[in-house]
2 protein chains.
Amino acid sequence: MLAFALGITAAQAQAPASAPPLQVREIGSMHVGGQVRALDGMPMREMVPSPGAPPIRMDPNGEFMVEGMYAQYVKLAEPRARYPLLLWHGGGLTGVTWETTPDGRPGWQMYFLRQGHDVYVSDAVERGRAGWARFPEIFAGEPVFRTMGEGWGLFRVGPQEGWNADPARRRAFPETLFPVAAWNDFTRQSVPRWPTTDRQIQAAYNEYVRKVCPCVIIVHSQGGNFAFNAALAAPDKVRAIIAIEPSGTPAAATDASPLRNVPHLVVWGDYFAESPFWQRIRGNVERWVGSIREAGGTADIMDLPAEGVRGNSHMLMMDRNSDEVASRIQAWMERQGLMR
Amino acid sequence: MLAFALGITAAQAQAPASAPPLQVREIGSMHVGGQVRALDGMPMREMVPSPGAPPIRMDPNGEFMVEGMYAQYVKLAEPRARYPLLLWHGGGLTGVTWETTPDGRPGWQMYFLRQGHDVYVSDAVERGRAGWARFPEIFAGEPVFRTMGEGWGLFRVGPQEGWNADPARRRAFPETLFPVAAWNDFTRQSVPRWPTTDRQIQAAYNEYVRKVCPCVIIVHSQGGNFAFNAALAAPDKVRAIIAIEPSGTPAAATDASPLRNVPHLVVWGDYFAESPFWQRIRGNVERWVGSIREAGGTADIMDLPAEGVRGNSHMLMMDRNSDEVASRIQAWMERQGLMR
C-alpha cells in the first residue's frame with residue numbers, strides 16, 4: 001500500500017533477484033581513529049600458532065593499536081543521493097545489523113544502495129572488525145555477553161517471560177513482525193560489549209565523521225547517543241540523522257542550537273505499552289527532540305503504530321516489513337532534499 | 001611486465017577509479033555453524049546500557065549462541081568464474097585482510113570481483129563479526145593479543161630487531177614490497193585470537209563449505225590448515241585451494257588421496273633465508289604437497305623469488321605488487337579450467 005503511495009513499484013520495494021544489477025564503482029574498507037597504547041611487566045608466554053607449526057614465544061608486552069573502528073563502503077557508479085549514507089549499529093551488535101536479515105532477506109544496506117546511496121557500514125570500537133583490547137589493562141572492567149534470551153524482551157519481540165530456550169515454547173507478541181523463527185540466527189550476530197568504553201567509541205565515531213562526511217547517518221539504539229554527539233561536534237558535516245529507536249541522548253542541559261540545521265528523524269516501533277524501560281528512554285529522547293525544535297531545528301518523529309503500522313520490534317531493520325519502514329525513511333530523505 | 005605476458009592491460013590490472021562499474025546482483029552476509037551453550041551459577045550484574053538510559057540488571061547466566069563464523073558475499077550479475085571464490089584469512093586477523101590494502105589500494109576482494117568471481121570474505125570463529133565467547137567458561141584459556149611489532153619479523157617485512165615503536169627508526173628489508181609507511185594502519189586490523197579454538201574453527205569452516213560450495217578457496221597463513229582439512233572433509237565440494245604462505249598442514253600421516261582431484265597451488269614470498277621459523281613451516285607444507293602429488297593429485301608451488309619476483313612479505317595481498325601476484329594466481333585458475 002505504501003509503495004503505491006510513494007510511487008514505488010513492488011519490484012523496487014522488494015528488490016528481488018530479478019532487479020537490475022547495481023552499478024558499483026568500488027567496494028572497500030578502512031579503520032579510523034584509535035591510538036597506540038604500551039603495556040609492560042607481563043611474563044612471557046609460549047604458544048603453537050597452528051597445528052603442526054613449531055611453538056613460538058610470545059611477549060605480551062609492547063605497543064598495541066587500540067580503540068579504532070572499522071567501516072566498509074560500497075560506492076555506486078552514479079549515486080542519486082547527495083551524500084554518503086552511514087549506517088551505525090546498536091549495543092552488542094555490529095554492522096551486520098544492516099546486512100541480510102536473519103531470515104535471509106536483503107537488509108537495509110542493499111535497500112539503500114538500490115535507492116541510489118553510497119552506503120557505509122561500520123563496526124564501533126570493541127566490536128566486529130574493529131577489534132578489542134586487553135582488559136582490564138586497556139579496556140576498563142570486563143565485557144558483557146548478551147544471552148540468547150535477553151533481547152526477546154529488551155527488543156520487544158515478546159514479553160520477557162515468553163522467552164524459552166526451546167524455540168517451540170517461545171511466546172512472542174501475537175502481531176510481532178520480527179521473524180521469530182530466525183531468532184537463533186539473529187543471536188549469532190551478538191558480540192560482547194563493555195559498559196566502560198563510551199568515551200573511546202565516541203572519539204572514533206567523531207574521527208570517522210571528520211574523515212568521510214559530509215554524510216547522512218542512520219543510527220540504531222545505543223548508537224543514537226553517539227550520532228547525536230558526533231553531530232554536535234561537527235554540525236557542518238552531518239546533513240541529517242535518522243535515529244531508529246535511539247536509547248540515549250546528550251545530557252539534558254546540552255545546548256542543541258548547533259543542530260538547528262541538521263534535520264532529525266526519530267523512528268519508533270510498537271509495544272511501548274509493554275515496556276516501562278522503553279517508555280523512560282522514549283521520554284528522554286523526545287525531550288532531546290524538543291530541545292532541537294526549540295533551537296529552531298527540524299526534528300520529526302515517525303511513530304509507526306500511530307501511522308497505522310503495527311507490530312514492529314526494536315529491530316525494525318530486520319522485521320518482516322523492513323523494506324516498508326525503509327521506504328518511509330527514504331521518502332523523508334527525499335522531502336529533506338537529500339537526493340539529487 | 002607480467003601484465004603484458006598475461007595479455008592484461010595495465011588499466012585492468014590496477015583497476016583504477018575509471019574502470020567500468022561492477023555489475024552486482026547482490027551483496028549480503030550470513031553466520032554459519034556454532035552451537036548453543038548454557039552457563040549458570042554466576043552472580044547478577046548491573047549496567048547502564050548507554051549514557052542517560054536507566055540501569056538494567058544483567059543476568060550473565062543463560063544460553064549463548066557461540067562458535068559460529070561470519071561470511072559476506074558479493075555476487076555478480078554474470079560471473080565468469082565457474083564457482084564462488086572464498087577468501088580465508090590468517091591468524092589474529094579477519095576478512096579485512098582481503099579488502100582495501102593498509103595504504104589504500106583496492107585489495108584482492110576487488111581484484112577477483114573484477115576478474116569475474118563471486119567473492120565471499122569470511123571471519124573465522126572468535127574473530128571480527130563472528131563474535132567470541134566468554135572465557136575460560138566457553139572458550140578455553142585466554143586470548144593472545146598481537147603487539148604492533150610482532151608481525152614485523154614474523155611476516156618477514158624486516159628483521160625482528162629492526163622493529164621500533166618510532167616509525168622513523170624502523171628498519172625493513174631493503175627491497176621489501178610491503179607498504180611500510182602504512183604499518184601502523186595494518187596493525188589496526190589485528191584482533192585477539194585463542195590458541196585453543198582450532199577444533200571449533202575447523203567445525204565452522206566445514207559447515208561453511210557444506211553451505212556455500214562447490215567453490216574455490218584462497219587461504220592465508222593460519223587458515224591454510226583449516227582449508228586443507230575442510231577439503232579432506234568435503235573433497236567433492238572444494239574445486240581448488242590456493243594457499244598463500246600456509247603455516248600448517250594436516251598431520252604427516254594423513255592420507256592425501258581424497259584430494260587427488262582438488263588442484264592445489266602454494267604461493268611463497270621472499271626472505272625465507274632470514275627466517276628459520278618459516279623454513280621449518282615451508283618444509284612441513286612441501287611434505288604435504290608431496291603427499292598430494294604421490295596420491296596422483298596436482299599441487300603446484302609458486303615460488304615468487306624463483307620466478308624473478310623479489311621482495312614479497314608474508315602479507316602478499318597487501319604488498320605493493322599485490323595485483324601482480326593476484327594476476328599470477330588468476331592465470332593459474334584459468335589454466336585449471338576454473339573460469340568460463
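Note that these values count all heavy atoms, side chains included, but never hydrogens, waters or copies made by symmetry.
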Which of [options] touches chain B most, by non-hydrogen pairs under 4.5 Å:
| options | answer |
| --- | --- |
| A/Gly95, A/Pro60, A/Gly34, A/Gly68 | A/Gly95 |
| A/Gly91, A/Gly131, A/Gly128 | A/Gly128 |
| A/Glu99, A/Arg146, A/Glu26 | A/Glu99 |
| A/Asn184, A/Val191, A/Leu76 | A/Asn184 |

Begin with the C-alpha distance, continue with both residues' side-chain angles, and end with the deciding distance and a verdict on side-chain contact (heavy atoms from CB on, under 4.5 Å) for A/Met110 and B/Ile27.
-> CA-CA 7 Å; A/Met110 272 305 284; B/Ile27 300 172; 3.9 Å; yes
Could you have a look at [options] and say which one has the most heavy-atom pairs with chain A under 4.5 angstrom?
| options | result |
| --- | --- |
| B/Thr147, B/Val36, B/Leu93 | B/Thr147 |
| B/Gly107, B/Ala133, B/Gly92 | B/Ala133 |
| B/Gly28, B/Pro192, B/Ala165 | B/Pro192 |
| B/Asn61, B/Asp123, B/Val144 | B/Asp123 |

ask   = Taking C-beta and beyond as the side chain, do B/Met30 and A/Thr100 meet within less than 4.5 Å on heavy atoms?
value =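 The answer is no; the side chains never approach within 4.5 Å.
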Side chain, backbone, both or neither: which part of [X] has a heavy atom under 4.5 Å from chain A?
| X | result |
| --- | --- |
| B/Ala252 | neither |
| B/Gln189 | both |
| B/Tyr73 | side chain |
| B/Gln109 | side chain |
| B/Val285 | neither |
| B/Glu142 | side chain |
| B/Asp59 | backbone |
| B/Arg45 | side chain |
| B/Val119 | neither |
| B/Trp278 | neither |
| B/Ala251 | neither |
| B/Leu39 | neither |

*Take B/Met65 and A/Trp183 through the side-chain contact (heavy atoms from CB on, under 4.5 Å) test and state the conclusion after the steps.*
CA-CA 11 Å; B/Met65 182 63 82; A/Trp183 181 262; over 6 Å; no
So for [X], is it side chain, backbone, both, or neither that comes closer than 4.5 Å to the heavy atoms of chain B?
| X | result |
| --- | --- |
| A/Ala38 | neither |
| A/Thr94 | side chain |
| A/Val66 | neither |
| A/Arg280 | side chain |
| A/Glu150 | side chain |
| A/Trp98 | neither |

So which heavy atom on [X] is nearest to which on [Y], and how close?
| X | Y | value |
| --- | --- | --- |
| A/Pro21 | B/Gln23 | CB-OE1, 3.8 Å |
| B/Ser29 | A/Val96 | OG-CG1, 4.2 Å |
| A/Arg188 | B/Val32 | NH1-C, 4.2 Å |

Does atom CZ (B/Arg199) have a neighbourhood of more than 12 heavy atoms from anything else shown, all under 6.0 Å?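 Open: at most 12 neighbouring heavy atoms sit under 6.0 Å from CZ of B/Arg199.
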* Aromatic rings A/Phe64 and B/Phe145: how do their planes relate, parallel, tilted or perpendicular, breaks at 30° and 60°? ->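 The arrangement is perpendicular - the two ring planes meet at more than 60°.
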